[in-house]
Structures are given as structure tokens and as C-alpha cells.
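Just so we're clear, the structure is a prediction, and the values are computed from it rather than from any experiment. Below, chains carry the letters A, B, ... as their sequence lines are ordered, and counting in each starts from 1.
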2 protein chains.
Amino acid sequence: MQNPKSTDPLADFMAKCKQHQLKITPQRIAIFKEIRTSKAHPSVDDMYRTIKKQFPSVSFDTVNRTLLTFSEIGLVDLVEGQGGPRRFDPNRAEHHHFHCIKCGRIVDVFEKGYDELEIPASLKKRFKILNKRVVLNGICDRHGTKRQTDSLKGEKYG
Amino acid sequence: MQNPKSTDPLADFMAKCKQHQLKITPQRIAIFKEIRTSKAHPSVDDMYRTIKKQFPSVSFDTVNRTLLTFSEIGLVDLVEGQGGPRRFDPNRAEHHHFHCIKCGRIVDVFEKGYDELEIPASLKKRFKILNKRVVLNGICDRHGTKRQTDSLKGEKYG
DNA sequence: GTGATTGCAAACCTTTTGCACGCCA
DNA sequence: TGGCGTGCAAAAGGTTTGCAATCAC
């Protein structure tokens, strides 16, 4: 059972808002348009800075609440992380993540075998599983030898 | 290539500290002893409150820095989460996690099939992979029907 | 003795909350 | 028009930093 999807993302977005009794405001449209194709798993602050360029009067607060709202209605996902600022993922198709522990970069991983993992029956019985993902942690290709690593210590969110 | 492990966890701990030129202080010992067998994936604050009972003069700060240090030398793991306080996992054997999106509870999942996932060759080439884990999100068995769910809204960290 | 570690306090950053105004339906 | 959404400001929550005193080695 899948929602009907047109080829117009904005129309789908508006339909989803209506479905959840959310009003369609210029701010929400701008935020939706901006995050829709992002591959960078942006934080609220990343999004705020981007949106502000085209919509200078928007408040940080609205961006924050809007992204939270979007994640509640399944328009974006909250990305798993290890304690830094919250980050969002517009790609709701099943996929997986690599996290760089040095710079916080998150790289999408598409791996058919991972998609096909079964949920253990005992868990399915106890819990309602909504989402599964393989998370890989490591050091990304922007950090090389030990010497280079040291010089890059301050890099953030690659 | 594995480090020799005795059957004495405290001795192993001290060896690991020496290996990394860390001094063995009463605070570190207390924190190590306390987290060693925790199944609850405690936050810094959880640990601070526990440690303080047996070591009243310890500061929050020391607990925080010690746990961070422990995670750097591989004595505990940082748990993936979605924005709340950082949480730690003393179990460094390969295992997986279920996260309850309603109360933040994290349940260990042991599933042999998950342990055997291969890292895609293309990723192995680009990145140094240090850890892999399957993360399941959903709603745990402490939340039942809609009505019960509402009454449990404030529950935290199961 | 000496350098690492601790406890404390302040600073910092992110997220949450309360409220009045304004806009969408 | 009515209620949701926005912007602002303050508060809250968690983490980080700087420093002087203390402790492990």
C-alpha cells in the first residue's frame, strides 16, 4: 500500500502537508525545496544558513521546527549520530550510512545485500520496527597518513 | 592480531591505560568498574549519578572526560543516537541495536547473520572502516495501544 | 619533581519553551 | 474569522574550555 506519487515533488509535498493538516507556508516550501535533494545530511544550522540566503527573514527557530515537523510526517529522516547537532536525511529510500569519526562526514551507502536483512522474529514480536539501517564507522578519505590527520583535526562536517 | 587478555578485567584495564600513557586514578578505576557491565547504554549524566554514590567528590566533568577518553582508547563505544545526550556502550563485542523512538531505550540485538555482513569492496578502498552495526528503529514493548502511549510520553531512557 | 589529571566555573552551542503577532485556509 | 505558524527572546540542557591545585608515576 503506497501513496500515489506524481512526478511533481512539490505537489507531493503539498499533498503530504494537507494529509497532516499542515498549512503550506512560504517558509515550509523553501525549506522543502532546499533539503529535497541534499546529499550532505545537513544540520539545522546548515539548513538555516542556506535558507536565509533566499529568505532573509526566516528565523532559525522556524527552520528547526519545520525540519522536526518534516521528520514527524516522514518527509525527511533524522540521521543517527554520536552526539553532535541533529542532522537530517531527505532520502527516504532504504540505504545505509558511513560516518567519519574524524570530521563527521556522512556518506550514503547503497548495498542491495544490506537492504535484504531480515528482522529477527523475536524482535518483531516484541517491538514495532519502523526502520533499519547498517551504520559503518571509520575514517574517510579526507584524512590520510598520521601527519595529515593531525593537521586536519579541526575539520568539521566535511 | 589480538591483545593478550587475562581473566582479570581490572588488570586488562590497567594494561590498556599504560599502553596509552594514561595514569591510573581512583576516578578512572571507579568509572571503569561501574560501566563495565552496564547493559543500559548510560549517558554521562547517568554515569555521574551512579559514580557519585560511591565516590561523592567526583565531578561531572571528570566523568565526562573519562568516558570520552575511554572511547578514544577503545574501552567503550559511543552509541549512535539521534541528538539526545551522548551515550556509551561497554560491550565491544560485535552486536546490534534497537532504538525506541518514543522513550530512547536501546536494546542490544545479537544476530549472527548481522555479524557476517561484508563491507563493500569500494568502501573498503576509500575508507578505513572501524566498526559496523545494524541499527533498528521503532517502538518498544513499553508502549502499547494509542492510549497507553500517551500516558507514557514522558518516559525517558527506559 | 613534573606532567597528567582533577574539580570548578564560565563559556559555548544546540534545542526547547512561551508568547504576541500575522498569515493561511 | 479562527487557529496554526512564525519570529523573537529567554531558558534549559549538554558539552567544552581554561585554570589552579593535586596526584600518579
Using a cut-off of 4.0 Å between protein heavy atoms and nucleotide atoms, how would you tag nucleotides 20-25 of chain C 5' to 3' with B, S and -? ----BS
Write out a two-atom table: protein N or O, nucleotide N or O from nucleotides 8-12 of chain D, distance below 3.5 Å.
residue	atom	partner	partner atom	Å
dC8(D)	N4	D61(A)	OD2	2.9

Take the protein atom [atom1] of [X] and the nucleotide atom [atom2] of [N], then report the distance between them rounded to whole Å.
X	N	atom1	atom2	result
Q19(B)	dC25(D)	CD	P	16 Å
R87(A)	dT14(C)	CZ	P	12 Å
K52(B)	dC8(C)	NZ	P	7 Å
Q27(B)	dA24(D)	CD	C1'	11 Å
Q21(B)	dT5(C)	CD	P	10 Å
E72(B)	dT15(D)	CD	C1'	14 Å
R49(B)	dG13(D)	CZ	P	12 Å
M14(B)	dA24(D)	CE	P	12 Å

Can you confirm whether C17(A) sits close enough to F13(A) that some side-chain heavy atom of one is under 4.5 Å from a side-chain heavy atom of the other? yes
Go through the structure and list residues passing side-chain contact (heavy atoms from CB on, under 4.5 Å) with [X], not counting sequence neighbours.
X	value
K33(A)	L10(A), I29(A)
N91(A)	D89(A), A93(A), H95(A), F110(A)
Q54(A)	A30(A), E34(A)
K128(B)	I139(A), L130(B)

By the 4.0 Å heavy-atom rule, please label L67(B) as base, sugar-phosphate, or nothing. nothing
Qualifying residues under side chain to side chain donor-acceptor pair (under 3.5 Å), relative to K125(A), sequence neighbours excluded: none
Which of dT5(C), dT15(C), dT6(D) is nearest the side chain of N64(A)? It is dT15(C)
Determine whether I106(B) and I101(B) fall in the same hydrophobic cluster, where Ile, Leu, Val, Met, Phe, Trp and Tyr are linked whenever their side-chain heavy atoms lie under 4.5 Å apart. no
With a cutoff of under 4.5 Å between side-chain heavy atoms, which Ile, Leu, Val, Met, Phe, Trp and Tyr residues group with V135(B)? V135(A)
Who else is in V107(A)'s hydrophobic cluster (ILVMFWY, side-chain heavy atoms under 4.5 Å, direct or via others)? F98(A), V109(A), Y114(A), L117(A), I119(A), L123(A), F127(A), I129(A), V134(A), L136(A), F98(B), V107(B), V109(B), Y114(B), L117(B), I119(B), L123(B), F127(B), I129(B), V134(B), L136(B)
Phosphate oxygens OP1/OP2 of dT16(D): is one of them under 4.0 Å from a side-chain N or O of R86(B)? yes
List, one per line, each side-chain donor-acceptor pair under 3.5 Å for residues 60-83 of chain B, sequence neighbours excluded.
residue	atom	partner	partner atom	Å
D61(B)	OD2	R65(B)	NE	3.2
D61(B)	OD2	R65(B)	NH1	3.4
D61(B)	OD2	R65(B)	NH2	2.6
T62(B)	OG1	S59(B)	OG	3.1
T66(B)	OG1	T62(B)	O	2.6
T69(B)	OG1	R65(B)	O	2.7
S71(B)	OG	L68(B)	O	2.9
D77(B)	OD1	R92(B)	NE	3.3
D77(B)	OD1	R92(B)	NH2	3.3
E80(B)	OE2	H97(B)	ND1	3.0
E80(B)	OE2	H99(B)	NE2	2.8

More 5' along DNA chain D: F55(A) or F60(B), using each one's nearest nucleotide? F55(A)
Less than 3.5 Å apart, which donor and acceptor atoms pair up between the side chains of residues 20-28 of chain B and the rest of the protein, not counting sequence neighbours?
residue	atom	partner	partner atom	Å
T25(B)	OG1	R28(B)	N	3.2
R28(B)	NH1	K23(B)	O	2.8

Please give me the minimum heavy-atom distance between H41(A) and R87(A), naming the atom from each residue. O-NE, 2.7 Å
To the nearest 10 degrees, how far apart in direction are the end axes of the helix from dG1(C)-dC25(D) to dA25(C)-dT1(D), each fit to five base pairs? 40°
